[in-house]
2 protein chains.
Amino acid sequence: MLTERQLLILQVIIDEFIETAHPVGSRAISKKGTIPYSAATIRNEMADLEEMGFLEKTHSSSGRIPSELGYRYYVDHLIAPNPLHKDVKIIKSIIEEGFYEFEQIVQMSAEILSELTNYTSIILGPELMETKLKQLQIVTLSPQTAVAILITDTGHVEHRSFKVPTVINPSDMEKMVNILNDRLTGVPIVRLNEIFHHEVAQLMKMYIRDYDRSYEYLQEIFVYDHPVKLYISGKSNILMQPEFNDVGKIRTFFTMMENENEVVNLLRNSQHGIKVTIGNENEVEAIKDLSLITASYQLNNDQMGTIALIGPTRMEYRKVISLLDGLSMEMTNALYKWYQLDE
Amino acid sequence: MLTERQLLILQVIIDEFIETAHPVGSRAISKKGTIPYSAATIRNEMADLEEMGFLEKTHSSSGRIPSELGYRYYVDHLIAPNPLHKDVKIIKSIIEEGFYEFEQIVQMSAEILSELTNYTSIILGPELMETKLKQLQIVTLSPQTAVAILITDTGHVEHRSFKVPTVINPSDMEKMVNILNDRLTGVPIVRLNEIFHHEVAQLMKMYIRDYDRSYEYLQEIFVYDHPVKLYISGKSNILMQPEFNDVGKIRTFFTMMENENEVVNLLRNSQHGIKVTIGNENEVEAIKDLSLITASYQLNNDQMGTIALIGPTRMEYRKVISLLDGLSMEMTNALYKWYQLDE
DNA sequence: TGTTAGCACTCGAGTGACTTGAGTGCTAAT
DNA sequence: ATTAGCACTCAAGTCACTCGAGTGCTAACA
């Protein structure tokens, strides 16, 4: 176990390193006055801390920097139970100020978050698994084309253009929309395609002339291919961090960030509450020397989405954790209000 | 005026430098065999070309690199009248393969473009100035909220949520939608707000109870705040270019690219046809050492949007110009088809 | 008169020796 | 248990040196 003094020294070193990004030497700590011991004493303790794996040296005669284990310990034990970060209030007031759609709130939150931290923020939109079709509309643009509009009970709107089968005339179309609305309203949008195939097909055959020939045009309306939406902000923000002084590193990071799937996977396995993943704890190669912090926001205990920050392992964990904690609460609230509308 | 031989040498140097990014020496040119003169002769010509401003040295005893003036001359006189790039066919077939919405086509084009060139591609969506409202729909989500959906004659769909004024009941709402559709269909969407204020207001007062109190909630439906849409692809692509080996440069570039307004301004003053802007010819500070190539795509001679590529001044102008030329034609075609639908 | 060979010169880039200073580890004294 | 002292280490900077690609110029050549 660590002694009181070792804890203190570890904390001071990490705090200092997080602030300056320079290795911390024993003399500097001693001079600072937080710890009333001489440099030599501190040196001994540092040697012990290094042996235990909490600290590292960049070379044999350099000052110490925290190891990943050190950060881990710091995050798990040395951060005071998060007092809400003052900036959360700012976010809260911004969210409540206007009548924003959920997407706007998310977008703004991502921007604020990256601005406040100088890291890259990522927000995974709410999982739409549970949202249901509220209404389907089809607007004809020309004899050959039309746009189908799906409105969900959460106010989410999707649209796709499609070719109108030549065999369908306007009155058929009207009948069709009626049937579809009748049968599909209330169906979870992820199941639309399935229900359309199995339950609606027969009905269509009865009422719509030549339905078989129309079928292939219509089916794509219900293919739901936007499982989640990503909001990323401050990608270039992170370039201000001194650890991004290497072009190769920047390349791998940005290449990873352009791959939406990879980013989604990064966040997907996040759990309830806040989760900190430091350096090599990350599974994804490209961020094995970065830290990822995720927080979930939710509705009625169903997990809905994830907020995350990516930054160097030398991250301001204290600030970031309390910010994310607060923001996820605010977003949960905002989302809750949205759903309330529906009752 | 430049002699035949000087032209040839200039061309060889620029071609070589574009390929390798290393200063080109006289001996290397001579050895290559394209020009049947000795290194010394070529040296003399190079000195002349430098005096005229087409070439530069990185230091007093280095090989030559093209100056911006050199690139200018190269682009204006040394590039053969663009034969259509073979890859344009690929793009064409992709576009025609499925029934894509215009936005999808644009998105794909941007991606293909950046992939084929390793530069950053930017496409400015079609100016929607001329598009007209086809239909307005309002879907009530709850007693207090609704979502308004605007469908344009081009199949573009916009939506915004708004608070339903408490004094409006469902039948009022229905009446309102009817009035709005009656009066606003066919109105250019940029003028919706204006017409709504001036011509529809009176009508509303007559038919809708307590219209004055509803007014403030409704007006925001018609505020049109998406003048143009940007599609960017391959931002990290450009990091592969050797000129981006400097973190400071990367920073300025990415910071610029995150500012949507600045990017839009970059492309806005583009003209009919292809325009090449080299290095300092650019007005925007952040790309004064990069080149920008823009091409416009259009509908019925009204300019609609812009396709652009940003890369180092050492750009593969020949390839890029023929690619953009071809792609802008394809997009013009695609857009034309879209509008055809409407007649 | 245009072309070429030859040669001195320049400068970036790489290399090795040296210095400096921050920081360590260890030992002996307090 | 703590601290002062001292020898040691290493990154980073500086300087002198070398190497080689490339130039500019001059004189010889066709």
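Below, read A as the first sequence line, B as the second, and so on, with proteins coming before strands; counting in each chain starts at 1. Owing to the predicted nature of the structure, the values given are computational and were not obtained by experimental measurement.
- To the nearest 0.5 angstrom, B/D289 atom CG is 10.5 Å from B/F253 atom CZ.
- For the pair B/F54/B/I14, no side-chain contact is recorded, criterion being any heavy-atom separation below 4.5 Å from C-beta on.
- Note that the NZ atom of B/K86 and the NZ atom of B/K319 stand 7.0 Å from one another [nearest 0.5 Å].
- Here the CG-CG distance, from A/L124 to A/L267, works out to 5.5 Å after rounding to the nearest 0.5 Å.
- For A/E50 and C/dG25, the CD to C1' distance is 11 Å, given to the nearest whole Å.
- Spacing between atom NZ of B/K31 and atom P of C/dA5 amounts to 14 Å, rounded to whole angstrom units.
- Near DNA chain D, meaning a heavy atom under 4.0 Å away, the residues from residues 54-71 of chain B are B/K57, B/S61, B/S62, B/G63, B/R64.
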| task | Evaluate the side chain to side chain contact (heavy atoms under 4.5 Å, CB included) criterion for residues B/Y71 and B/M315: first the C-alpha distance (whole Å), next the side-chain angles of each, then the deciding distance (0.1 Å), finally the verdict. | result | CA-CA 9 Å; B/Y71 284 125; B/M315 200 188 235; over 6 Å; no

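- Atom CD1 in B/I9 sits about 15 Å away from atom P in C/dG2, given to the nearest Å.
- Taking atom CD on B/E4 and atom P on C/dG2, their separation rounds to 17 Å, with Å as the unit.
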| query | B/L239 and B/I250: side chain to side chain contact (heavy atoms under 4.5 Å, CB included), yes or no, with the steps? | reply | CA-CA 8 Å; B/L239 294 174; B/I250 297 178; 3.5 Å; yes

| task | Check step by step if side chain to side chain contact (heavy atoms under 4.5 Å, CB included) holds for A/R72 and A/E68. | result | CA-CA 6 Å; A/R72 181 83 268 163; A/E68 289 180 6; over 6 Å; no

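- Against DNA chain D, the stretch residues 37-46 of chain B makes heavy-atom approaches under 4.0 Å through B/R43, B/M46.
- Within a 6.0 Å radius of NZ in A/K32, other residues, nucleotides and ligands contribute more than 12 heavy atoms.
- In this entry the distance linking NE2 of A/H22 with C1' of C/dG21 reads 15 Å, nearest Å.
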